[in-house]
Amino acid sequence: MIDLRLLRDDPEHVRAAYERRGGVPGLDSVIALDRRHRELLAEVERLRAEQNRASRAIGRAEPSERERRIREAREVADRLRALEPRLEEAARELEAAAARLPNLPHPSVPAGAGEDDNVVERHSGEPPDLDFEPRDHVALGERLGLLDAERGAKTSGSRFVYLTGRGVLLELALVRFAVDLLLERGFEPVVPPVLVREEAMYGTGFLPAEEHEYYRIERDDLYLTGTSEVALASMHAGEILDDALLPLRYAGFSTCFRREAGSYGRETKGLVRVHQFDKVEQFSFTRPEDSWDEFEAIRANQETILQALEIPYRVVIMCGGDLGSSAAKKVDLEAWLPGAGRYMEVTSASNTTDYQARRLQIRTRGEGGTRLVHTLNGTACAVGRTIVALLENHQRADGSVTIPPALRPYTGFGVIDVGE
RNA sequence: GGAGGGCUACGCUAACCGGCAAGCGGACGGUCUUGAAAACCGUUGCCCGCAAGGGCUUGUGGGUUCGAGUCCCACGCCCUCCGCCA
């Protein structure tokens with residue numbers, strides 16, 4: 001949710017910011033709904049004040065006066081009863097319309113309507129110099145017995161994969177590696193719930209905008225989360241956090257579920273685009289003035305991890321139109337895949353400023369009263385895709401794969417080969 | 001799944017038969033002080049308003065009433081016990 005006061009006081013500022021997203025429909029209607037709501041609110045509050053006065057007078061009145069005063073108060077109550085439903089409807093309409101307005105992009109975000117306007121900021125690491133025809137991760141993974149997509153499809157449908165054998169050991173190693181690194185940097189490990197109430201989805205901005213992307217358990221009215229961000233952000237919903245405790249940093253580890261509706265035919269094989277994967281996620285609650293520093297810290301952690309894993313990547317700044325609803329700025333890291341011959345998103349970092357905090361009512365108390373905190377999230381290690389990048393970049397001519405030294409203490413092996 | 005108990009502001013706790021949610025603590029601001037402590041005063045969540053002021057807030061949503069923390073209904077969460085269970 002954006003700040004309606006800002007929209008009220010400086011609508012052109014908001015409009016200009018939304019231009020960088022390629023324009024946001026419904027802005028004028030929110031302004032009109034807000035005005036109508038406030039007019040009704042003022043009128044209802046005037047009547048309530050009158051009613052409160054009348055009611056209090058009854059309590060103090062002489063017995064002989066009571067009958068007459070009750071009749072008078074009843075008349076005010078009737079007028080209120082007629083007006084209140086209109087106020088409630090106006091509030092509902094305003095709420096529904098305002099909830100669809102996305103966050104305001106940060107000034108450093110490039111303007112643009114979609115993917116094509118994203119900006120590659122820089123590259124890091126050299127693509128491996130392979131003197132043979134590189135295999136893609138599906139060929140490597142199947143040959144080495146790390147995954148079984150065919151049986152995944154048999155059991156659960158396409159885009160479900162069994163991770164097997166050393167594929168599992170690789171996952172456990174990556175998870176522990178990422179969690180250890182975050183522990184050193186002040187993040188508290190958390191395994192959050194993956195089934196959440198609608199309020200949690202709504203509060204984090206995944207609803208109403210992206211409803212079709214997530215699984216819903218209708219019977220119990222819960223959603224399966226597509227990232228631990230949802231449950232981590234909701235952890236402190238409705239709380240006022242002690243200013244001295246900020247920043248609060250969590251390293252969430254959970255399975256993530258995505259319906260991938262509308263992606264039929266894209267990346268149908270392997271681990272790149274699946275309905276279920278595991279991920280270590282960074283999530284921070286900060287003072288408003290600290291969030292851009294925290295954003296850089298989260299990004300730095302992501303780069304540290306990819307560099308340690310010796311995966312070449314590029315840094316991509318998302319343009320306004322590719323931000324999603326809650327982010328004010330989003331930066332992805334895309335790993336180079338020699339086998340596939342292209343780049344693939346492996347991490348994403350967002351500063352959602354006060355957008356989620358306003359919806360979830362997460363505040364901090366400091367000098368000058370309470371303020372909304374800022375929330376940030378960023379991948380530490382999306383296990384499936386990281387395995388893809390590891391396999392393709394560290395493959396050898398014979399189809400075996402070496403493990404980067406930084407990860408060996410966690411895997412216990414340095415090479416993955418057939419029969420080993 | 002069944003039975004019982006509970007939920008009041010930042011924390012802890014009151015409020016008779018329905019009549020302005022009281023008190024203690026914490027935190028913050030101020031007075032006093034060489035500095036501090038103590039003491040005293042003020043503030044404490046949300047909304048509208050330039051302000052004066054007003055409205056909302058007792059887990060959530062409804063209902064009864066001129067008026068609900070209090071009465072009625074539904075739901076959520078926590079605790080105890082029974083059943084089931086990795």
Side-chain angles (χ1 to χ4, degrees), chain A residues 1-11 30-99 191-203 217-223 231 234-246 248 255 285 287-288 354-373:
Chain A
M1 186 84 74
I2 65 160
D3 184 1
L4 286 182
R5 194 185 310 241
L6 175 67
L7 178 61
R8 206 174 290 148
D9 295 344
D10 194 356
V30 173
I31 293 171
L33 287 168
D34 178 54
R35 186 172 305 129
R36 192 160 70 89
H37 173 252
R38 285 198 311 149
E39 284 165 7
L40 279 166
L41 183 64
E43 176 64 12
V44 165
E45 288 195 349
R46 199 186 60 74
L47 273 173
R48 280 182 187 155
E50 197 177 323
Q51 183 189 40
N52 286 340
R53 264 197 308 278
S55 270
R56 281 194 291 263
I58 290 167
R60 287 193 305 265
E62 299 294 321
S64 62
E65 286 271 299
R66 287 179 82 97
E67 263 315 297
R68 187 176 61 79
R69 288 196 180 271
I70 286 175
R71 264 201 313 280
E72 283 169 9
R74 187 177 292 140
E75 194 218 328
V76 179
D78 286 342
R79 274 195 286 158
L80 243 185
R81 249 191 289 279
L83 196 59
E84 273 180 329
R86 287 177 56 202
L87 174 66
E88 279 165 31
E89 201 200 334
R92 261 197 308 276
E93 282 177 28
L94 171 63
E95 169 75 17
V191 175
V194 294
L195 284 167
V196 301
R197 294 219 176 98
E198 184 178 17
E199 296 91 274
M201 293 294 285
Y202 181 87
I217 313 293
E218 206 158 334
R219 201 177 151 92
D220 294 288
D221 212 17
L222 293 167
Y223 286 84
S234 302
M235 242 173 121
H236 293 296
E239 296 182 18
I240 298 177
L241 306 171
D242 185 348
D243 204 54
L245 294 178
L246 299 178
L248 266 180
T255 303
F285 299 85
R287 298 184 194 101
D354 60 12
Y355 191 85
Q356 292 178 333
R358 183 171 292 106
R359 289 179 165 220
L360 292 165
Q361 282 301 300
I362 307 172
R363 289 163 291 170
T364 176
R365 191 194 307 279
E367 285 171 49
T370 57
R371 301 181 297 166
L372 293 166
V373 300

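Values below: all heavy atoms of this structure, side chains included; hydrogens, waters and symmetry mates excluded. Sequence lines set the chain letters: A, B, ... in the order given, protein chains first and strands last, and positions in each chain run from 1.
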Quick check on RNA chain B: between A/Glu88 and A/Arg81, whose nearest nucleotide comes earlier from the 5' end? A/Glu88

Starting from [atom2] on [N], measure out to [atom1] on [X] and report it in whole angstrom.
{"X": "A/Glu75", "N": "B/G67", "atom1": "CD", "atom2": "P", "result": "13 Å"}
{"X": "A/Leu41", "N": "B/C48", "atom1": "CG", "atom2": "P", "result": "8 Å"}
{"X": "A/His37", "N": "B/G55", "atom1": "NE2", "atom2": "P", "result": "17 Å"}

Phosphate OP1/OP2 of [N]: any [X] side-chain N/O under 4.0 Å:
{"X": "A/Arg8", "N": "B/C48", "result": "yes"}
{"X": "A/Asn52", "N": "B/C56", "result": "yes"}
{"X": "A/Gln361", "N": "B/C46", "result": "no"}
{"X": "A/Thr370", "N": "B/U44", "result": "no"}
{"X": "A/Arg363", "N": "B/C46", "result": "yes"}

Once you apply a heavy-atom cut-off of 4.0 Å, does A/Arg68 come out as touching a base, just sugar-phosphate, or nothing? nothing

Need one value for A/Ala42: base, sugar-phosphate or nothing, where a base atom within 4.0 Å counts as base even if backbone is also close, heavy atoms only. nothing

If you check the A/Arg197 side chain, which of B/G19, B/C77, B/C20 turns out closest? B/C77

Testing B/C10, B/C47, B/G67 for proximity to the side chain of A/Ile240, the answer is B/C10

Suppose we define a pair by two distances each less than 3.5 Å, Watson-Crick or G-U wobble; what does B/A68 pair with here? none

Is there a Watson-Crick or G-U wobble partner for B/G42 with both distances under 3.5 Å, and which nucleotide is it? B/C28

